[in-house]
Amino acid sequence: MSPQRQTNRNSESIDNYLKAILTLSGSPHEESGDAPKRVASNALAAQLGVAAASVTNMLQKLAAASDSFVEYERHHGVVLSPAGRRRAIEVIRHHRLIETFLYKVLDYPIEEVHEEAERLEHFISERFEERIAAKLGHPKIDPHGHCIPTLEGEMPRQQSIRLTEAHSGGMFIVDSISDHDAPTLRSLQASGMTPGTRLRVAKSDSADCYSVRVGRSVTPIEITPEVAREIRILPLTK
Ligand SMILES: [Zn+2]
């Protein structure tokens with residue numbers, strides 16, 4: 001492996017740590033005043049799918065660097081420094097802009113954009129990012145319904161709830177669908193479940209499932225709890 005490629009791999013892996021820490025800390029809104037939650041290294045290891053020992057190792061290295069991205073204490077977990085938070089949000093902005101570009105301009109199927117964005121998000125230049133944003137008309141939402149952070153690093157707090165928290169008989173609107181599981185995304189898209197769609201949610205007769213009517217459809221579809229956790233909704237007040 002060339003030294004250049006090695007450096008890229010390292011920064012790619014650091015970015016993924018920062019994103020995972022931000023996600024697990026509940027990514028509180030900058031102005032909310034809530035202190036970010038410290039993230040346990042075990043939880044981080046599970047999120048990244050790597051051994052706990054490598055996580056500890058990496059966190060120690062990251063914390064020791066000058067202008068460090070994280071504050072880490074053994075047995076007390078890890079929290080992003082302001083610089084780490086900025087970098088994590090920048091990578092998320094890249095990811096979501098790339099997904100929007102692939103979906104809208106390059107006509108990628110919805111279930112393929114995430115994997116491609118996971119690769120590209122670490123490497124695009126500021127200029128490329130700006131050109132994509134301009135081409136797309138500075139979008140605020142990606143194709144999964146997730147907020148695209150602004151260039152200044154602002155990201156609104158999420159108001160939505162998980163489908164698993166919905167009360168039976170309620171009317172909702174789909175806010176976002178997790179981008180992590182391609183087969184789930186494909187099947188939800190096929191049943192017309194996309195951000196902005198109306199839903200009527202009822203608890204199903206079959207154990208633990210949800211019975212959901214999508215849009216104007218009169219035939220409900222059954223959703224398992226695993227899939228329901230991937231869908232975030234907003235109550236429809238009217
Ligand atoms: Zn994604």
Side-chain angles (χ1 to χ4, degrees), residues 8-9 11-27 29 39 43-44 46-50 80 84-126 128-133 135-151 153-163 174-197 223 226-234:
N8 285 348
R9 273 211 179 283
S11 58
E12 196 178 326
S13 150
I14 292 170
D15 285 347
N16 291 335
Y17 269 74
L18 301 179
K19 277 200 305 178
I21 298 167
L22 187 73
T23 306
L24 293 172
S25 68
S27 63
H29 193 231
V39 173
L44 193 53
Q47 173 88 3
L48 291 164
V50 296
L80 292 177
R85 186 185 158 84
R86 269 196 305 279
R87 176 62 192 167
I89 290 180
E90 188 188 6
V91 177
I92 291 172
R93 175 172 160 84
H94 288 176
H95 184 99
R96 294 180 178 172
L97 277 173
I98 292 168
E99 288 188 332
T100 313
F101 183 74
L102 295 173
Y103 186 68
K104 289 208 167 155
V105 180
L106 301 185
D107 300 323
Y108 270 60
I110 188 73
E111 70 273 15
E112 288 179 19
V113 297
H114 175 74
E115 213 189 307
E116 201 76 90
E118 279 289 289
R119 274 195 290 270
L120 294 170
E121 65 187 10
H122 314 282
F123 306 118
I124 65 170
S125 67
E126 296 299 298
F128 192 78
E129 171 193 328
E130 179 47 34
R131 294 296 283 262
I132 288 185
K135 184 79 176 174
L136 295 168
H138 302 279
K140 292 193 165 64
I141 306 285
D142 77 11
H144 307 292
H146 298 125
C147 285
I148 300 174
T150 65
L151 200 52
E154 280 148 22
M155 191 161 53
R157 184 192 275 271
Q158 202 158 248
Q159 304 291 351
S160 55
I161 57 169
R162 289 178 199 276
L163 181 54
V174 178
D175 181 55
S176 64
I177 297 171
S178 165
D179 57 4
H180 289 100
D181 187 60
T184 301
L185 262 178
R186 196 184 312 122
S187 74
L188 288 175
Q189 173 103 345
S191 13
M193 181 114 50
T194 51
T197 318
I223 294 191
E226 294 75 50
V227 172
R229 270 193 289 276
E230 306 285 298
I231 303 167
R232 297 193 71 96
I233 53 175
L234 288 162

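First listed ligand is number 1; within each ligand, the first listed atom is number 1.
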Test side chain to side chain contact (heavy atoms under 4.5 Å, CB included), reference H94, set I89, I124, I148, output is I124
Answer yes or no: is there a donor N or O on one side and an acceptor on the other, between the side chain of R232 and the main chain of S176, under 3.5 Å? no
Spell out, as yes or no, whether a donor-acceptor pair under 3.5 Å connects the side chain of S25 to the backbone of I21. yes
Can you list, pair by pair, the side-chain donor-acceptor contacts under 3.5 Å of residues 104-115, counting residues two or more places apart and other chains?
residue, atom, partner, partner atom, Å
Y108, OH, E116, OE1, 2.9
E111, OE2, R186, NE, 3.0
H114, ND1, H95, NE2, 3.1
H114, ND1, E99, OE2, 3.4
H114, ND1, D179, OD2, 2.9

Note on the Zn ion (ligand 1): protein N/O/S atoms within less than 2.8 Å are H95 NE2, E99 OE2, H114 ND1, D179 OD2
Evaluation steps, salt bridge (charged side-chain N to carboxylate O under 4.0 Å, His left out), between E90 and R87: CA-CA 5 Å; E90 188 188 6; R87 176 62 192 167; 3.2 Å; yes
I98 vs F128, test: side-chain contact (heavy atoms from CB on, under 4.5 Å). Steps then yes/no. CA-CA 10 Å; I98 292 168; F128 192 78; 5.5 Å; no
